[in-house]
2 protein chains.
Amino acid sequence: MKIDGRAFRSIWLDETDHWSVRIIDQTKLPWTFDIARLSNADHVAHAIRAMQVRGAPLIGATAAYGVALAMRADPSNDSLTQVIAQLAATRPTAINLRWALERMEQSLRTHPPAERADIAYQAAAAICDEDVATNRAIGTHGLSLIEARARSGRRVNLLTHCNAGWIATVDWGTALAPIYRAHDAGIDVHVYVDETRPRNQGASLTAWELGKHGVPHTVIVDNAGGHLMQRGAIDMVIVGTDRVTRTGDVANKIGTYLKALAARDNGIPFYVALPSSTIDWRIADGLSDIPIEERAASEVTTITGRALDGSIATVRIVPKDSDAVNPAFDVTPARLVSGLITELGICAASEPALAALFPQAREPMAA
Amino acid sequence: MKIDGRAFRSIWLDETDHWSVRIIDQTKLPWTFDIARLSNADHVAHAIRAMQVRGAPLIGATAAYGVALAMRADPSNDSLTQVIAQLAATRPTAINLRWALERMEQSLRTHPPAERADIAYQAAAAICDEDVATNRAIGTHGLSLIEARARSGRRVNLLTHCNAGWIATVDWGTALAPIYRAHDAGIDVHVYVDETRPRNQGASLTAWELGKHGVPHTVIVDNAGGHLMQRGAIDMVIVGTDRVTRTGDVANKIGTYLKALAARDNGIPFYVALPSSTIDWRIADGLSDIPIEERAASEVTTITGRALDGSIATVRIVPKDSDAVNPAFDVTPARLVSGLITELGICAASEPALAALFPQAREPMAA
């Protein structure tokens, strides 16, 4: 997507040396647009751990380049084993990270060390290109939903939660891919962006990337979406997801469930956009089978922003003696989901529909 | 209620001179407990406008004492007319403010100036005492709901939104009155406190007053309530309200509707606590008949808290080029409300039930 008119991906090779890796330091958004250079595996490990890159697809792509950087410095078996272990430990729960590292290891282990650096760079580039193609296909399918609501040129108002945009992936994003496709096709789209407390990925990342690409948008507090739906201000909800069961239950950022309930109560379609790699074919009940990460209370009790003097400051917003809890995700039952937008097309959030769309990917059922 | 073991109301006469008025400066909570002295009507007007006092019942009580202070300085007809106009202009939309000023004027106008100061102080004190009695009665009725869930000594987990506590009234509060009554009766209650973006009255006021009285509580982001309900962590929701239609539709702080939807989806009772003065007998459809205040976007784009150095700082949390909208209230349809807890008892959120409980108060229907 574009930043002030210039096309970017979220990760790319350095224009000069062609082997070091460039990323947008997302910890500094939206206040500073800072491009970081990653020149060895330690840099990559730090970038993932410090969340300079985040979003499961982008974490996987960055880790793949981390392996390539290590192979350039030392292509030995020991070096390969060491870098895989080092990078796998950065974010132990991210499924895409492990997937990317396994794929890199499989590509490299059987080749002689002298060939490994070249192969690794090619494999990392392929992971990135595949992610872009997957997300672009999600955008194509989702675009049809927006087009259907744009008849007679009226503005289409969408609502999204958290950040499932291009900077969470290599390009296009998942939930935002249909919106970018529609905007680029000249459809008048406008996005209500949930700020997404506690980490405010909506206010700080989604609003930033939509604004830089030129997509009209309005930030709202997470409390406001239901009211806007009651008043007819929202035509469709599109969100991303961290994990989908084979039955169509959707784990996503905390608060997604509340918006799905409001969409259902107001007859507004609620779509979830995802690459099929997000489907966990082993599990059938989102509420009982998807573990929900509990994060630090400090994410609730404090918030970071830009002070009047331009400095970045963290302030506490909860009394010092009050506790907080911070569940990071919730589960939206399939019954509240209008459809799943995948790279192969749109299907109902149900076991038969998912099995029909992905006949190969589905593993044997436990029962 | 108590602050660190000492009983307080939110407004009282000075212990020494017995005529100036003391309030807790709520703009400084939760970081500083500062008692302000109001010695004339200008002080009172400033306190209401600057939101040193807030919450409809407390605004009315403070305005009543503003009239008393003016009568002490100058009990003439002109002075009475002037102070009523001055105070009515401070918060033009607060219904309790106009009600309190009209009641003060009716008490004073027919009496000779020489008697007005004494009468005004008595009338203001009566308004305060009646508010306390009303809220205590709400607490008594709501207590029965909590007691019914406390059988066999198990902890009762409640969720509330915004601040409908004792510092929004003269004492006890509305939504929190049943909780204080239960806590003081030795029932093991615990309150999940929605932070209540954008103004964070939950995190900064409700958490503060519960903590100071010693009620166990946990602050959560507004996104988390649905997840906690899905997991069985919440037994009952109690909120306050700014206006209730004669049919039981409930206007309250933005985001209340989302919690009502989640409570319904999970079979959890959702109660609204209110003095009957909050019922607007003229209107029947909350969505079409209750105007929703749109407040400044800056309440969404910035947030204020305490910096590491102890100073109070405001930080921006939305990109500088992104817009925001800020509807302050939403409407929860009566169909989602389990019951209304009033000073006369608990009734269904319906026109027949409200009419039966308040046969006198009800004005003739338009139709």
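Proteins get letters first, then strands, A, B, ... in listed order; numbering begins at 1 in each.
The side-chain heavy atoms of Ile220(B) and Val325(A), taken from C-beta on, include a pair separated by under 4.5 Å. Annotation: side chain of Pro333(B) is in contact with side chain of Gln230(A) (closest heavy-atom distance under 4.5 Å). With a 4.5 Å cut-off on side-chain heavy atoms, Lys212(A) and Pro319(B) do not count as touching. At a threshold of 4.5 Å between non-hydrogen side-chain atoms, the residues Asp222(B) and Arg197(A) do not count as touching.
Taking Arg231(A), Met229(A), Lys320(A) one by one and counting their heavy-atom pairs under 4.5 Å with chain B, the maximum is reached by Arg231(A). Per-residue heavy-atom pair counts under 4.5 Å with chain A were compared for His161(B), Glu195(B), Arg306(B), and the maximum is reached by Arg306(B). When the candidates Val193(A), Leu287(A), Asp321(A) are compared by the number of heavy-atom contacts under 4.5 Å with chain B, Leu287(A) comes out ahead. Comparing Ala207(B), Gly211(B), Ser204(B) by how many heavy-atom pairs each has under 4.5 Å with chain A, the most go to Ala207(B). Highest contact tally toward chain B, considering only Glu299(A), His217(A), Lys253(A), is held by His217(A) [criterion: heavy-atom pairs under 4.5 Å]. Between chain B and the options Thr196(A), Asp194(A), Thr218(A), Leu210(A), the largest number of non-hydrogen pairs under 4.5 Å is found for Thr218(A).
Residues of residues 254-267 of chain A having a heavy atom under 4.5 Å from any heavy atom of chain B, listed by number: Ile254(A), Gly255(A), Tyr257(A), Leu258(A), Lys259(A), Leu261(A), Ala262(A), Asp265(A), Asn266(A).
Looking at Thr304(A), only its backbone comes within 4.5 Å of chain B, counting heavy atoms on both sides. Proximity to chain B (any heavy atom under 4.5 Å) is restricted, for Thr314(A), to the backbone atoms N, CA, C and O. Both the backbone and the side chain of Val331(B) come within less than 4.5 Å of a heavy atom of chain A. In this structure, the portion of Ile292(A) lying under 4.5 Å from any heavy atom of chain B is its side chain and not its backbone. The contact between Tyr192(B) and chain A is made entirely by side chain atoms (from C-beta outward), counting heavy-atom distances below 4.5 Å.
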Trp31(B) vs Arg316(A), side-chain contact (heavy atoms from CB on, under 4.5 Å): CA-CA, chis, key distance, verdict
CA-CA 10 Å; Trp31(B) 310 117; Arg316(A) 186 173 173 102; 3.7 Å; yes

Report the C-alpha separation of Val219(A) and Val300(B) in whole Å, then their side-chain angles, then the decisive distance to 0.1 Å, and conclude whether the side-chain contact (heavy atoms from CB on, under 4.5 Å) test is met.
CA-CA 8 Å; Val219(A) 177; Val300(B) 176; 4.3 Å; yes

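Across every non-hydrogen atom of Val318(A) and Ala203(B), the tightest pair is CG2-CB, 4.0 Å.
More than 12 heavy atoms of other residues, nucleotides or ligands lie within 6.0 Å of CD1 in Ile35(A), so this atom counts as buried by the packing criterion.
The only option from Ile303(B), Ile317(B), Val221(B) that meets the side chain to side chain contact (heavy atoms under 4.5 Å, CB included) definition with Asn200(A) turns out to be Ile317(B).
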